[in-house]
**Q** 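I'd like to ask you about the structure that follows.
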Amino acid sequence: MIIREARKEESTIIADIWLMSMRNAHYGFKETYWTKQYKSIKIKYSQARSDIYVYEDGGVILGFGAFVRDYKGVRIFIMPGYQRKGIGTTLLNFFEQNYDDFYCRCYKQNKAGIYFLVNRGYDITEKRKNVDSAEEEYVFKKEKKQTAPASL
């Protein structure tokens with residue numbers, strides 16, 4: 001298992017993982033919504049807009065995480081069938097160790113995603129309508145723990 005920076009030629013694999021994980025987690029969305037978003041995902045999760053890291057095991061990409069620079073948000077997507085196996089936690093830990101301050105977003109109806117973030121110490125800081133789908137989403141943030149100064 002390794003986490004590494006995504007390569008430009010992996011944009012289709014990344015978009016496919018996004019599409020499969022979104023379909024799997026969000027029942028009730030019209031299929032046309034996901035297929036319309038698919039093209040824009042290749043731009044959103046491109047090296048021009050995001051820092052993208054893949055979780056690879058045995059030469060196969062099983063998930064990815066992206067730090068979207070324009071809104072300082074981290075998004076994590078895991079292939080269906082490989083969720084709940086620690087891949088999302090590993091990716092989230094990677095971003096926590098390498099990025100100082102970021103937000104996560106999750107649709108209200110994605111109960112597993114909400115549980116995942118809350119279980120890892122993230123709090124809902126905002127409830128809002130997603131600009132693309134008009135569906136309610138939550139914005140999460142984890143407060144950095146203050147370390148006590150060393151005794152003098």
Side-chain angles (χ1 to χ4, degrees), residues 1-26 29 33-57 61-80 82-149:
M1 175 290 297
I2 62 168
I3 293 178
R4 63 166 175 79
E5 200 167 352
R7 298 180 193 110
K8 189 175 183 176
E9 65 270 13
E10 294 169 330
S11 66
T12 299
I13 294 167
I14 287 166
D16 288 349
I17 291 171
W18 172 86
L19 181 61
M20 287 184 280
S21 68
M22 293 303 274
R23 282 178 174 158
N24 189 57
H26 302 96
F29 276 71
Y33 174 72
W34 300 123
T35 54
K36 285 179 183 176
Q37 293 295 311
Y38 183 82
K39 288 181 183 177
S40 68
I41 288 305
K42 285 187 175 185
I43 296 166
K44 183 176 188 176
Y45 299 128
S46 70
Q47 294 168 334
R49 292 192 57 200
S50 304
D51 300 338
I52 306 162
Y53 295 89
V54 297
Y55 180 104
E56 183 179 71
D57 192 4
I61 297 173
L62 301 176
F64 76 95
F67 176 79
V68 184
R69 292 187 290 272
D70 63 351
Y71 73 86
K72 295 180 72 173
V74 167
R75 304 295 307 269
I76 294 174
F77 303 94
I78 310 302
M79 288 276 292
Y82 292 92
Q83 297 164 344
R84 295 182 178 85
K85 298 185 184 302
I87 297 170
T89 298
T90 300
L91 283 164
L92 188 59
N93 289 342
F94 172 85
F95 284 101
E96 288 175 352
Q97 292 168 8
N98 292 285
Y99 290 82
D100 289 331
D101 193 32
F102 61 84
Y103 295 88
C104 295
R105 293 183 354 219
C106 190
Y107 281 113
K108 178 183 177 180
Q109 65 180 239
N110 183 354
K111 303 296 184 207
I114 292 167
Y115 177 80
F116 172 78
L117 290 167
V118 169
N119 193 42
R120 283 149 188 84
Y122 285 76
D123 296 312
I124 296 172
T125 60
E126 183 182 355
K127 296 177 182 180
R128 65 183 185 194
K129 295 279 184 187
N130 179 280
V131 294
D132 295 322
S133 68
E135 295 288 331
E136 189 170 8
E137 70 178 359
Y138 297 148
V139 178
F140 292 84
K141 185 162 183 153
K142 184 175 187 177
E143 293 300 319
K144 297 280 184 186
K145 292 183 179 170
Q146 299 292 327
T147 57

**Q** For Thr125, check side-chain hydrogen bond (donor to acceptor under 3.5 Å, both in side chains) against everything at least two apart and list the hits.
**A**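 With sequence neighbours excluded, Thr125 shows a side-chain hydrogen bond (donor to acceptor under 3.5 Å, both in side chains) to no residue whatsoever.
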**Q** Below 4.5 Å, heavy atoms only, C-beta onward: do Lys142 and Glu96 meet side chain to side chain?
**A** yes
**Q** Are side-chain heavy atoms of Phe67 and Phe95 found at a separation under 4.5 Å?
**A**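 The answer is yes; the side chains approach within 4.5 Å.
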**Q** Just by distance, no angles: are the side chains of Gln83 and Asn24 close enough, under 3.5 Å, to form a donor-acceptor pair?
**A**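 Side chains of Gln83 and Asn24: pair found under 3.5 Å.
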**Q** If the condition is ring-ring contact (aromatic ring centres under 6.0 Å, His included), which residues does Tyr82 pass it with, not counting sequence neighbours?
**A**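 With neighbours one apart ignored, the set is empty.
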**Q** If you define the side chain from C-beta out and look only at heavy atoms, does anything of Val118 sit under 4.5 Å from Phe140?
**A** yes
**Q** Which atom names give the shortest non-hydrogen contact between Cys106 and Leu117, and what distance separates them?
**A** CB-CD1, 4.4 Å
**Q** Please identify each residue that fulfils salt bridge (charged side-chain N to carboxylate O under 4.0 Å, His left out) with Arg84, with sequence neighbours left out.
**A** none
**Q** Can you list everything that forms a side chain to side chain contact (heavy atoms under 4.5 Å, CB included) with Ser11? Sequence neighbours excluded, please.
**A** none
**Q** Tell me if a side-chain donor or acceptor on Arg69 pairs with a main-chain N or O of Ser50 at a distance below 3.5 Å.
**A**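 Yes.
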**Q** Check side-chain hydrogen bond (donor to acceptor under 3.5 Å, both in side chains) between Asp16 and all other residues, then give those that pass, not counting sequence neighbours.
**A**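 Scan of Asp16 (side-chain hydrogen bond (donor to acceptor under 3.5 Å, both in side chains), adjacent residues dropped) gives Tyr38.
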**Q** Taking only residues two or more places apart in sequence, or in another chain, which ones meet Asp100 in a side chain to side chain contact (heavy atoms under 4.5 Å, CB included)?
**A**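 With neighbours one apart ignored, the set is empty.
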**Q** Mind checking side-chain hydrogen bond (donor to acceptor under 3.5 Å, both in side chains) for Glu56 and listing every partner two or more places apart, or none if nothing turns up?
**A** Arg4
**Q** Nearest 0.5 Å, please: how far is CG in Asn119 from CD1 in Ile114?
**A**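 Between Ile114 CD1 and Asn119 CG, I get 13.0 Å after rounding to 0.5 Å.
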**Q** Filter on ring-ring contact (aromatic ring centres under 6.0 Å, His included), then keep only pairs touching residues 104-129, sequence neighbours left out; what's left?
**A**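 Residue pairs passing ring-ring contact (aromatic ring centres under 6.0 Å, His included), neighbours aside: His26-Tyr107, Phe29-Tyr107.
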**Q** I'd like to check the ring-ring contact (aromatic ring centres under 6.0 Å, His included) partners of Tyr55; sequence neighbours left out, ordered by chain and number.
**A**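 ring-ring contact (aromatic ring centres under 6.0 Å, His included) list for Tyr55, sorted by chain: empty.
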**Q** Find the distance between CG (Leu19) and OG1 (Thr12) and round it off to the nearest 0.5 Å.
**A** 12.0 Å
**Q** Ignoring hydrogens, what is the shortest heavy-atom contact between Val139 and Tyr103? Give both atom names and the distance.
**A** CG1-CD2, 3.6 Å
**Q** Give the minimum heavy-atom separation between Gly63 and Ile17, together with the two atoms involved.
**A** N-CD1, 4.1 Å
**Q** With sequence neighbours left out, what residues match Arg105 under salt bridge (charged side-chain N to carboxylate O under 4.0 Å, His left out)?
**A**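 Testing Arg105 for salt bridge (charged side-chain N to carboxylate O under 4.0 Å, His left out), a comparison that skips the adjacent residues, returns Glu137.
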**Q** May I ask you to check whether Arg120 and Thr89 show a side-chain donor-acceptor distance below 3.5 Å?
**A** yes
**Q** More than 12 heavy atoms of other residues, nucleotides or ligands under 6.0 Å from CZ of Phe102: yes or no?
**A** yes
**Q** Compare all side-chain heavy atoms of Ile3 with those of Val54 and state whether any distance is below 4.5 angstrom.
**A** no
**Q** Please enumerate all residues that pass ring-ring contact (aromatic ring centres under 6.0 Å, His included) together with Tyr138, with sequence neighbours excluded.
**A** none
**Q** Any side-chain heavy-atom pair from Lys127 and Ile124 closer than 4.5 angstrom?
**A** yes
**Q** For Asn98, check side chain to side chain contact (heavy atoms under 4.5 Å, CB included) against everything at least two apart and list the hits.
**A** Phe94
**Q** To check you understand the geometry: which heavy-atom pair defines the closest contact between Lys108 and Lys111, and what is its length?
**A**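 Nearest heavy atoms, Lys108 then Lys111: O-NZ, 3.5 Å.
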**Q** So does Asp70 pair up with Arg49, basic N to acidic O under 4.0 Å?
**A**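 A salt bridge links Asp70 with Arg49.
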**Q** Say you draw a straight line from CD1 of Ile61 to CD1 of Ile13; how long is it, rounded to the nearest 0.5 Å?
**A**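 If I round to the nearest 0.5 Å, the distance is 4.5 Å.
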**Q** Find the distance between CD1 (Ile78) and CD1 (Ile87) and round it off to the nearest 0.5 Å.
**A**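 Those atoms lie 5.5 Å apart.
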**Q** Answer whether the closest heavy-atom distance between the side chains of Met20 and Met79 falls below 4.5 Å.
**A** yes
**Q** Looking at every heavy atom in both Cys104 and Leu92, which two are closest together, and how far apart are they?
**A**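 So the two residues come closest at SG-CD1, 4.4 Å.
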**Q** Any chance you could measure Ile52, atom CD1, to Arg7, atom CZ, to the nearest 0.5 Å?
**A**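 Reported value, rounded in 0.5 Å steps: 13.0 Å.
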**Q** I'd like to check Lys141 versus Asp101 (side-chain heavy atoms, cut-off strictly below 4.5 Å). Are they in contact?
**A**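 Lys141 vs Asp101: side chains touch.
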